[in-house]
Amino acid sequence: MKMNWEKYIGFEINIIMKEYYGVVQTQKMDEPFYEIVFKAGILTGVFDDGLLISGKYENRIVESFVPFESIKCVDIFHKAGNG
């Protein structure tokens with residue numbers, strides 16, 4: 001089954017990535033731990049091989065292309081601007 005991503009353009013999404021992990025460590029921790037990396041933003045484009053999302057990072061707009069093969073799970077929230 002293929003999902004129709006076009007109907008979610010303009011929606012806020014979180015993409016949980018497959019097998020990509022980031023290290024989290026603070027001064028209070030003796031050992032770092034690993035957490036799943038995710039991408040978050042507004043879905044702005046759909047292509048045969050992935051999704052284009054737009055988000056803010058350090059007060060700058062950043063667009064990220066995420067290949068379908070890297071996606072483990074997608075959370076779809078409300079359409080941007082609709083609270």
Side-chain angles (χ1 to χ4, degrees):
M1 178 176 104
K2 285 192 171 195
M3 185 159 171
N4 178 9
W5 289 102
E6 297 282 338
K7 70 181 187 176
Y8 296 107
I9 289 180
F11 280 67
E12 182 181 342
I13 63 173
N14 281 346
I15 300 172
I16 299 173
M17 309 293 283
K18 281 185 190 172
E19 300 178 16
Y20 293 106
Y21 297 90
V23 178
V24 176
Q25 187 170 16
T26 66
Q27 292 177 341
K28 294 181 181 181
M29 295 171 48
D30 293 330
E31 296 286 326
F33 70 93
Y34 296 89
E35 66 179 12
I36 297 172
V37 172
F38 66 92
K39 298 281 187 185
I42 306 300
L43 181 62
T44 59
V46 178
F47 301 91
D48 290 338
D49 54 348
L51 303 175
L52 184 66
I53 61 172
S54 178
K56 272 194 169 182
Y57 179 74
E58 294 183 356
N59 292 325
R60 295 174 67 190
I61 301 296
V62 177
E63 290 189 314
S64 299
F65 177 77
V66 183
F68 287 125
E69 63 193 32
S70 298
I71 297 172
K72 181 174 185 176
C73 175
V74 178
D75 298 321
I76 303 169
F77 298 98
H78 56 82
K79 189 157 182 128
N82 288 345

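- By the 4.5 Å side-chain criterion applied to Ile, Leu, Val, Met, Phe, Trp and Tyr, Phe65 is assigned to a cluster that also includes Phe47, Leu52.
- Minimum heavy-atom separation, Phe38 to Met17: CA-CG, 4.3 Å.
- Residues Ile71 and Ile76 share a single hydrophobic cluster, defined by chaining ILVMFWY side chains whose heavy atoms lie under 4.5 Å apart.
- By the criterion of side-chain heavy atoms lying less than 4.5 angstrom apart, applied directly or through intervening Ile, Leu, Val, Met, Phe, Trp or Tyr residues, Ile61 is not grouped with Ile53; the two fall into different hydrophobic clusters.
- Scanning for side chain to side chain contact (heavy atoms under 4.5 Å, CB included) contacts around Glu58 gives an empty result, with sequence neighbours left out.
- Linking Ile, Leu, Val, Met, Phe, Trp and Tyr residues whenever their side-chain heavy atoms come within less than 4.5 Å places Val66 and Phe68 in a single cluster.
- Ile9 pairs with exactly one of Thr44, Leu51, Val46 by the side-chain contact (heavy atoms from CB on, under 4.5 Å) rule, that one being Val46.
- Rounded to the nearest 0.5 angstrom, Glu63 CD and Ile42 CD1 are separated by 12.0 Å.
- Shown here for Ser64 and Lys39, the closest heavy-atom pair between the two residues is OG-NZ, 4.2 Å.
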Subject >> Steps toward side chain to side chain contact (heavy atoms under 4.5 Å, CB included) verdict (Trp5, Leu43) >> reply: CA-CA 9 Å; Trp5 289 102; Leu43 181 62; 4.3 Å; yes

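- What you find for Lys7 and Asn4 is that their closest heavy atoms are CG-O, 3.4 Å.
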